[in-house]
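Some notes on the structure that comes next.
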Amino acid sequence: KKLLSIVFVSVAFMTISNAQNFLFDEGQSGFHVGGQVVSYDGGGLIGIIPGYTSNGIMTISFGLSLEDNNDGFGSSTGIGPSISYLAVKQDDKNPVSVGISSGFQYNTFSDANGLSATFIRLGGFVTHKIAASETINIIPIAGIGWVRAQLNFEGSDVEFIAEEDIGYS
């Protein structure tokens, strides 16, 4: 239960962290790298999320995360793709950007032979870009995400344990 809770927080956060399209102007495209650092009682997680944003509207990314914990499962490695789309882009007529995001993640565990986990996430977010100066923007963001996790035990009578949760930031 603790393992799923910790990973839920990390995966829900990734629903927003992979979405870099609100940082680009409309029509602007480019590569970028996002990061993730999570610390909790008994462990931590670090992740890297390279991606590409097209026309300031759609972002496609691929994440890699490494987690170390002391709850008996040892370290975990997670990989998976994500996509984010801005349905509304902030401009002179729209005061906010509104986007949706989804992704998939697969985790393996070093100290638990045959244990793996899969995560499916869907989410939405709202941002507002505030020009603090000519070179600095402040962009507050609010989001909500749904995550479904499934633990798989290979070679056991228990095929899987599934759980769903909703998180916000």
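Residues take their numbers from the sequence shown, with the count starting at 1.
Between the side chains of S75 and D68, no donor N or O sits under 3.5 Å from an acceptor N or O. Using modelled atom types, one finds a donor on one side chain and an acceptor on the other under 3.5 Å when comparing T53 with H32. No hydrogens or angles considered: nothing links the side chains of T108 and S116 as a donor-acceptor pair under 3.5 Å. Checked by atom type, the side-chain pair R148/T118 shows no donor-acceptor distance below 3.5 Å.
By the criterion of side-chain heavy atoms lying less than 4.5 angstrom apart, applied directly or through intervening Ile, Leu, Val, Met, Phe, Trp or Tyr residues, F125 is not grouped with V88; the two fall into different hydrophobic clusters. Linking ILVMFWY residues whenever their side-chain heavy atoms come closer than 4.5 Å, directly or via other members, leaves F31 and I60 in distinct clusters. In the hydrophobic clustering of ILVMFWY residues, with side-chain heavy atoms under 4.5 Å counting as a link, W146 and I144 come out together. No chain of hydrophobic side-chain contacts below 4.5 Å, direct or via other Ile, Leu, Val, Met, Phe, Trp or Tyr residues, connects V96 to I139.
The main-chain N or O of P95 is found under 3.5 Å from a side-chain atom of H128 such that the two form a donor-acceptor pair. Under the 3.5 Å distance criterion, the side-chain polar atoms of S133 are matched with a main-chain donor or acceptor of I136.
When all heavy atoms of N55 and S29 are compared, the closest pair comes out as N-OG, 2.8 Å. When every heavy atom of A132 is checked against every heavy atom of I138, the shortest pair comes out as CB-CD1, 4.0 Å. Residues Q90 and T127 approach most closely at OE1-O, 4.1 Å, considering heavy atoms. For Y85 against M58, the heavy-atom pair with the smallest separation is CD1-CE, 4.0 Å. Across L86 and G99, no two heavy atoms sit closer than the pair CD2-CA, 3.8 Å.
Within 6.0 Å of CD on E26 lie no more than 12 heavy atoms contributed by other residues, nucleotides or ligands.
Between S101 and R121 the shortest side-chain heavy-atom distance does not fall below 4.5 Å. Contact of the I120 side chain with the Q105 side chain is not registered, since no non-hydrogen atoms from C-beta on lie closer than 4.5 Å. Side-chain atoms of F109 and L115, non-hydrogen and from C-beta on, do get closer than 4.5 Å to each other. In this structure, I130 and N137 have side chains that are not in contact, with every pair of non-hydrogen atoms separated by 4.5 Å or more.
Expressed to the nearest 0.5 Å, how far CG of L151 lies from CG of N107 amounts to 9.5 Å. Here the CG-CD distance, from L66 to Q36, works out to 11.0 Å after rounding to the nearest 0.5 Å. One finds the OG atom of S82 at 7.0 Å from the CD1 atom of I49 (value rounded to the nearest 0.5 Å). Here the OG-CG distance, from S39 to L45, works out to 10.0 Å after rounding to the nearest 0.5 Å. If you take CD1 on I83 and CZ on F62, they are separated by 14.0 Å, rounding to the nearest 0.5 Å.
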